[in-house]
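Shown next, in structure tokens, is the structure this report addresses.
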Amino acid sequence: MAGESEIKETYQNFMKILEDLTNNAHELQEQMLEEILRRNAGTEYLSRFFPSGQADKQNFKTNVPIVTYEDIKPYIDRIANGETSSILFADPISQFLRRCFSVSDEGRSLSLYFCKPDMETPSGLVASSYVTFYSKSNIFKTSLAKFCISPIETILCLDIKQSMFCQLLTGLLQRDKVVLFGSTFASLLARTIKFLEDYWRELCCNIRTGYLSDWIIDPGCKNAMSLILTMPNPELADLIQQICEDKSWEGVIKKLWPKIKYISSICTGSMSQYIPLLEFYGGGIPLVSPSYASSEACFGINLKPLSNPFDVSYTFLPNIAYFEFLPVNKDGGGKAQVTRTIDKPVDLANVKLGQYYEVVVTTLAGLYRYRVGDVLRVTGFYNKSPQFQFVERQNVVLSIDADKTTEEDLWKAITNAKLILEPFGVMLTAYNSYSDISSTPGRYVLFWELKMKDSNDLPKLDVKIMEQCCCIVEESFDFTYKSLRKGGAISGLELRVVKRGSFDELMDFYISKGASISQYKPPCCLKSEEAIKILNSGTVGKFFSPKTMS
């Protein structure tokens, strides 16, 4: 059949390109750096590192420093303020960006995309989130009609509530066409399910009557939905109501969209806390983390989409940017503690199996030896291209004294502790933390949002069980933490349980400060007093470890 032959041909072409890329990884990386230097060596930033005019790899590695955002911020500010000279990039800059399956003609994707208003720099340059920029591009608009079920008008709507309502309504009206459910990050899928829990009755009412809710006032949304919501469909409304009235929402995604093949979303790093939640609502639907990308660059793709989401590795693509890797020392006799970079950076071709690295990127778009801040571990190789597993963000730590608890340490400790809640039908849906030094000695504070598996009710919190959770978390930390805790330099851990929806309020706070809902990555450790205040206001129970640690 034509559809199957096209898919087969597309797959074969993809694999041929992949084989060529990964078999020539070193050569392509050398060519990439040569091309970057050829284009941009004359820029104000780079030219000062090549006084002799010899812009080659050796001089690049010897003279150009490894930098963070704060190092290059003054140059970015000058561009934003209207300077037209070649500061970081040789070509004129017109815009800033803040950045195994197939969907055939027989199926559509319910992929949740959301735009936010563009911002203007003082010089008039447009600053957009990547998702907003991509959603407005001609490439997205032409592919959207074929693969994505949401009308473009509902995606471009700047009101998140109206946009989400209309995208979900479209997905429900055309439920038999949906073969993929996804978003950029897992946090947005969790937010979408919570929205569905709150609005399924109103969605059913729209379907039953054939009329769109009066509060949907965005002209684009109204026009798009008038072409989809064309008549009453009480039978479909009754079916959706029957599914959503079930006391337990386990497997609800599969029930609402029975032809779904997989759930697509980035689930690594801080997003891994949402994996159990998506597995619960998915009811056995594979959870696929397709790619590893950031605002700086796309790094790699997942060649084993059916692998356990906790074990995903990404194969780096050597034709995207020039990559270097700072070796990272994981102290503590094999148990993760503070990460610190050591030695000089190595090329893509020289990374070692099992070693930890922080990735450094150089791009055609004006970033040179830029520290992305992600810590990765080499898990293998596909031909000559390395495969990496995301471990954590560099320097994301809780600390009171000499203790340094990383994102990975915290995740492992909480994973151990939440196991004792499972026999009681209790799920951990989101967590966060901060170092409380308002009193002496200070302590770690955790925020947990919990729900029952068979309902959305807040669980009855047994004090002994919750205190046991505190103890398990502390016992899972490293030797330094436990030594300081026993010596009285750190007070007992505090666990604050928050009401349902508190982490949605936290997301709303960061969105109000400029974050994009489509690219929102919840911080593992809170630094903002305002953010801490939001979760404190939702606290419904406080539990503590014993004063002394045995």
Side-chain angles (χ1 to χ4, degrees), residues 24-81 83-93 96-99 125 292-300 316-329 339-352 355-376 378 385-386 388 393-395:
N24 299 287
H26 176 67
E27 293 81 3
L28 288 170
Q29 280 283 276
E30 297 290 299
Q31 293 172 19
M32 175 58 66
L33 181 58
E34 288 176 7
E35 178 63 14
I36 292 170
L37 294 177
R38 184 189 68 79
R39 288 194 193 184
N40 296 331
T43 59
E44 176 185 329
Y45 180 83
L46 274 185
S47 61
R48 62 199 177 105
F49 301 116
F50 305 120
S52 65
Q54 188 71 20
D56 56 21
K57 178 180 178 180
Q58 184 58 46
N59 283 326
F60 175 80
K61 291 211 162 192
T62 301
N63 300 333
V64 179
I66 294 174
V67 298
T68 65
Y69 177 76
E70 292 304 317
D71 296 315
I72 61 173
K73 185 177 182 298
Y75 298 93
I76 294 174
D77 288 343
R78 286 170 55 195
I79 296 170
N81 287 326
E83 287 196 36
T84 57
S85 59
S86 300
I87 298 173
L88 288 172
F89 186 51
D91 297 330
I93 293 176
F96 283 122
L97 298 183
R98 297 176 291 162
R99 233 192 106 149
L125 288 175
Y292 168 37
S294 71
S295 301
E296 294 81 13
C298 177
F299 298 93
F316 265 47
L317 301 177
N319 63 330
I320 301 295
Y322 180 69
F323 301 111
E324 297 175 88
F325 301 88
L326 285 166
V328 168
N329 179 32
T339 58
R340 50 187 180 83
T341 52
I342 57 174
D343 303 326
K344 295 181 179 180
V346 298
D347 293 334
L348 185 82
N350 295 316
V351 297
K352 305 298 182 184
Q355 175 65 51
Y356 293 86
Y357 298 94
E358 181 187 354
V359 63
V360 176
V361 67
T362 297
T363 71
L364 284 164
L367 292 178
Y368 311 105
R369 309 196 86 185
Y370 181 84
R371 294 178 67 165
V372 176
D374 292 349
V375 177
L376 315 174
V378 183
S385 188
F388 291 89
R393 290 286 294 168
Q394 178 72 295
N395 297 328

In the structure I gave you, are the side-chain heavy atoms of [X] and [Y] within less than 4.5 Å of one another anywhere?
X: Asn24; Y: Pro318; answer: no
X: Tyr69; Y: Ile76; answer: yes
X: Lys57; Y: Asp347; answer: yes
X: Met32; Y: Ile36; answer: yes

Checklist line | Between Tyr356 and Asn329: side-chain donor-acceptor atoms closer than 3.5 Å | finding: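 The criterion, which ignores hydrogens and geometry beyond distance, is not satisfied for Asn329 and Tyr356.
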Notebook entry, point to check: Is it true that a side-chain atom of Tyr357 and a backbone atom of Glu324 form a donor plus acceptor pair closer than 3.5 Å?
Noted result: no
Check: Can you check whether Ala25's main-chain N or O pairs, donor with acceptor, with Glu30's side chain at less than 3.5 Å?
Finding: no
Once you round to the nearest 0.5 Å, how far does [atom1] of [X] lie from [atom2] of [Y]?
X: Ile320; Y: Leu28; atom1: CD1; atom2: CG; value: 10.5 Å
X: Leu46; Y: Ile87; atom1: CG; atom2: CD1; value: 13.0 Å
X: Leu367; Y: Glu296; atom1: CG; atom2: CD; value: 6.5 Å
X: Gln29; Y: Leu317; atom1: CD; atom2: CG; value: 10.0 Å

Apply side-chain contact (heavy atoms from CB on, under 4.5 Å) to [X] and list each qualifying residue two or more places apart in sequence or on a separate chain.
X: Asn59; value: Phe50, Gln54, Asp56, Asn63
X: Thr68; value: Glu70, Asp71, Arg371
X: Arg39; value: Glu35, Leu364

Check: When the ring planes of Phe325 and Phe316 are compared, do they come out parallel, tilted or perpendicular, using 30° and 60° as the limits?
Finding: tilted
Next item on the list: Give me the one residue out of Ile66, Val361, Val67 that meets side-chain contact (heavy atoms from CB on, under 4.5 Å) with Arg369.
Entry: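 Running side-chain contact (heavy atoms from CB on, under 4.5 Å) over Ile66, Val361, Val67 with Arg369 returns exactly one hit, Ile66.
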Check: Do Tyr322 and Glu34 pass the side chain to side chain contact (heavy atoms under 4.5 Å, CB included) test, and can you show the C-alpha distance, the side-chain angles, and the key distance before you say yes or no?
Finding: CA-CA 10 Å; Tyr322 180 69; Glu34 288 176 7; over 6 Å; no
Next item on the list: Could you tell me which non-hydrogen atom of Phe299 sits nearest to which non-hydrogen atom of Ala293, and how far apart they are?
Entry: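 Here Phe299 and Ala293 meet closest at CD1-CA, 4.0 Å.
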Notebook entry, point to check: Strictly under 6.0 Å, is that where the ring centroids of Phe388 and Phe323 end up?
Noted result: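 Phe388 vs Phe323: aromatic centres not under 6.0 Å.
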